[in-house]
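Everything on this sheet refers to the single structure shown next.
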2 protein chains.
Amino acid sequence: MTKLFDGIEEKDKETLFKCFNAVKKSFFKDEIILEPEQKIDSVIYVSNGCIKIIKDDFDGNKIIIDTIKKGETFAEAVVCSGIKKCPNFVYAQTDATLYFINIEKILNPCTEACLFHKKLLQNLVKSISEKNLFLNQRIELLTKKSLRERILIYLDKYKQKNNNKIFEIPHSREEMAQYLGVNRSALSRELCIMKAQKLIDFHKNSFSILTN
Amino acid sequence: MTKLFDGIEEKDKETLFKCFNAVKKSFFKDEIILEPEQKIDSVIYVSNGCIKIIKDDFDGNKIIIDTIKKGETFAEAVVCSGIKKCPNFVYAQTDATLYFINIEKILNPCTEACLFHKKLLQNLVKSISEKNLFLNQRIELLTKKSLRERILIYLDKYKQKNNNKIFEIPHSREEMAQYLGVNRSALSRELCIMKAQKLIDFHKNSFSILTN
DNA sequence: ATAAATCTGTTGCACAAGCAACGAAAGAAA
DNA sequence: TTTCTTTCGTTGCTTGTGCAACAGATTTAT
């Protein structure tokens, strides 16, 4: 995935942040950064630490939407779409330092000659587009009716990514179930059936697909 | 939804197309415009007619992904993401005239003084972002386990859009089922049960939610 | 090392929803 | 009008998967 500041060096970031009048804020572990419905008009850059985005279901279920790590940004789509209301809770997973960069500053040419502005805009477009494709893939998966189909699509994705017979998945079973939109124990059951039928093999998070 | 040329007048479009060296092509009804895996590096503007994007399932199921009408563009996300391979079939639903606009031309500042370039870039970012949010909403819906929940989320969406007790939905039952990721007859069954339980009411495509 | 907590697999049960097949209603065509 | 086509509702049957509850395994904390 392309990041907003890809291809821009650390020292140049400083220049950009100044040019953008970016606001620096620090948060302690578990502190709330944003709440649902809160107004937001900035892309947020994680300079240090790690934050998590959590969806609070009506039913009280808390689902981790995403984890944003050092050097990454988030909220691009929300602020660029003009909605400008935070759809989820955002917590600090660790102590964290963030930069809030007003989106208007990014979208409008800077008065000073700002060399990296063009690159930044292109990164913005590219990263949102990539996210878009990712979401499309997930929708395709979620519209499959059988759990087995979903599992196979999921595994195939990580097989291609690792490009190896044996590959690692980055999720726990619970997370995987969440991604596939199914019940954890049902997932566990189906995985074991597939293993018994010699369709796949796995040990912990190492998987392989046994096609003939 | 924001369109790529929102806020840009017809006569100015001409200027832009020239500035971009856009390629004009015409297609007859049912002609194939793009095939899966085909290389693509242009955003496509539908100047006349109407085209449809169709996903060809391994199983042979054909699913209409989207319909693009006169004045709209498509393929933004694919070409901006750098994938640059068409993921689906694209057909002409009617006779159609299209403009192919190379994405590099859009992303890079024009040598000539092109007044609308900035606006165009901002539209691009906004429209992809909006699409992004739309996809997120759909994912949220698709991860609901019960059909009833999905129906209610779906209806609520169109209720808010129409902002009226009685509102229209833009899908046939088959399309609605496809959007919800469920079986059509199961959808029909559940809708009627909900009507019997006085949770909702509907006649053809007019719906209302009977909350107390 | 021991205890506590978390993660993963296992199983029985219930039921929501898939599927197929058909008929009624509505709309289009002749 | 009549006929054909498409859409929608209806129903019986079947099954995949949700859910709950527990057990074993693994990891983390004390």
Side-chain angles (χ1 to χ4, degrees), chain A residues 29-30 52 57-64 67 93-94 141-155 158 168-208, chain B residues 29 52 57-64 67 93-94 141-155 168-208:
Chain A
K29 183 172 188 291
D30 294 327
K52 55 186 173 184
D57 206 290
F58 322 59
D59 323 337
N61 306 337
K62 292 193 175 182
I63 298 178
I64 296 179
T67 305
Q93 190 160 33
T94 65
L141 184 150
L142 288 172
T143 48
K144 295 296 172 192
K145 275 147 268 158
S146 82
L147 173 47
R148 179 167 295 198
E149 267 184 297
R150 296 188 191 189
I151 291 173
L152 286 173
I153 292 177
Y154 173 89
L155 290 179
Y158 288 103
E168 295 281 320
I169 60 168
H171 299 122
S172 69
R173 291 293 183 279
E174 177 66 48
E175 289 169 333
M176 182 176 170
Q178 228 163 60
Y179 184 86
L180 301 184
V182 299
N183 181 275
R184 184 198 57 79
S185 71
L187 168 61
S188 194
R189 180 200 302 156
E190 186 67 19
L191 280 174
C192 290
I193 294 174
M194 290 171 78
K195 186 194 253 185
Q197 294 179 347
K198 299 205 183 302
L199 288 169
I200 62 171
D201 196 17
F202 62 91
H203 179 67
K204 296 193 183 177
N205 284 12
S206 294
F207 281 75
S208 58
Chain B
K29 183 171 188 289
K52 55 186 172 183
D57 207 288
F58 325 60
D59 323 338
N61 306 337
K62 291 193 176 182
I63 298 176
I64 296 179
T67 305
Q93 190 160 32
T94 66
L141 184 150
L142 288 172
T143 49
K144 295 296 174 193
K145 276 146 271 157
S146 81
L147 173 48
R148 178 167 296 198
E149 267 183 298
R150 296 187 191 189
I151 291 173
L152 287 172
I153 292 177
Y154 173 89
L155 290 180
E168 295 280 320
I169 61 167
H171 299 122
S172 69
R173 291 291 184 279
E174 177 66 47
E175 289 170 333
M176 182 177 170
Q178 227 165 59
Y179 184 86
L180 300 183
V182 299
N183 180 274
R184 184 198 57 81
S185 71
L187 168 61
S188 193
R189 181 200 300 154
E190 187 67 19
L191 281 174
C192 290
I193 294 175
M194 291 171 77
K195 188 193 250 184
Q197 295 179 348
K198 298 204 183 301
L199 287 169
I200 62 171
D201 196 16
F202 62 91
H203 179 67
K204 296 193 184 177
N205 283 13
S206 294
F207 282 76
S208 58

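Numbers restart at 1 for each chain; the letters A, B, ... are given by sequence-line order, proteins then strands. Everything quoted here is computed from the prediction, not taken from an experiment.
- With sequence neighbours excluded, no residue forms a side-chain contact (heavy atoms from CB on, under 4.5 Å) with B/S188.
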Polar atoms only, N or O, under 3.5 Å: list the protein pairs with nucleotides 26-29 of chain D and their distances.
{"residue": "D/dT27", "atom": "OP1", "partner": "A/K204", "partner atom": "NZ", "Å": "3.3"}

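- Rounded to an integer number of Å, the gap from CD of B/E174 to P of D/dC8 is 8 Å.
- For B/D201, there are no side chain to side chain donor-acceptor pair (under 3.5 Å) partners at least two apart in sequence or on another chain.
- In this structure, the CZ atom of A/R184 is 11 Å from the C1' atom of D/dC19, given to the nearest Å.
- Although no hydrogens or angles enter the test, the distance criterion places no donor-acceptor pair under 3.5 Å between the side chain of A/K145 and the main chain of B/V182.
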Look for any protein N or O under 3.5 Å of an N or O in nucleotides 14-17 of chain D and output each such pair with its distance, or none.
{"residue": "D/dT17", "atom": "OP1", "partner": "A/K145", "partner atom": "O", "Å": "3.4"}
{"residue": "D/dT17", "atom": "OP1", "partner": "A/L147", "partner atom": "N", "Å": "2.5"}

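- Every residue two or more places apart in sequence or in another chain that forms a side-chain contact (heavy atoms from CB on, under 4.5 Å) with A/L199 is listed here: A/R148, A/M194, A/Q197.
- Atom pair B/L191:CG and D/dT7:P shows a separation of 17 Å (rounding to whole Å applied).
- For A/E168, the side chain to side chain donor-acceptor pair (under 3.5 Å) partners at least two apart in sequence or on another chain are A/S206.
- The side chain to side chain donor-acceptor pair (under 3.5 Å) test applied to A/Y154 returns A/H171, not counting sequence neighbours.
- Considering only residues two or more places apart in sequence or on other chains, A/T94 meets the side-chain contact (heavy atoms from CB on, under 4.5 Å) condition with A/C50.
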| side chain to side chain contact (heavy atoms under 4.5 Å, CB included) between A/L191 and A/R173: does it pass, once the steps are laid out? | CA-CA 10 Å; A/L191 280 174; A/R173 291 293 183 279; 3.6 Å; yes
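- With sequence neighbours excluded, the residues satisfying side chain to side chain donor-acceptor pair (under 3.5 Å) with B/S185 are B/N183.
- The rotation axes computed at either terminus of the helix from C/dA1-D/dT30 to C/dA30-D/dT1 lie 50° apart, taking five pairs at each end and rounding to 10 degrees.
- Nearest-nucleotide assignment on DNA chain D puts the 5′-proximal partner with B/R173, out of A/S185 and B/R173.
- At a threshold of 4.0 angstrom between heavy atoms, the contacts of B/S172 are confined to the sugar-phosphate backbone, with no base atom among them.
- You can see that DNA chain C meets the heavy atoms of chain A within a 4.0 Å-exclusive cut from C/dT8 to C/dC19, reading 5' to 3'.
- Taken from CZ in A/R150 to CG in A/L142, the straight-line distance is 5.5 Å, to the nearest 0.5 Å.
- Looking at B/R184, its side chain never comes within 3.5 Å of a backbone N or O of B/E174 through a donor-acceptor pair.
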| Going through the checks in order, is the side chain to side chain contact (heavy atoms under 4.5 Å, CB included) test met by B/I169 and B/F202? | CA-CA 10 Å; B/I169 61 167; B/F202 62 91; over 6 Å; no
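- No donor-acceptor distance shorter than 3.5 angstrom exists from the side chain of B/E190 to the backbone of B/L187, with no hydrogens or angles considered.
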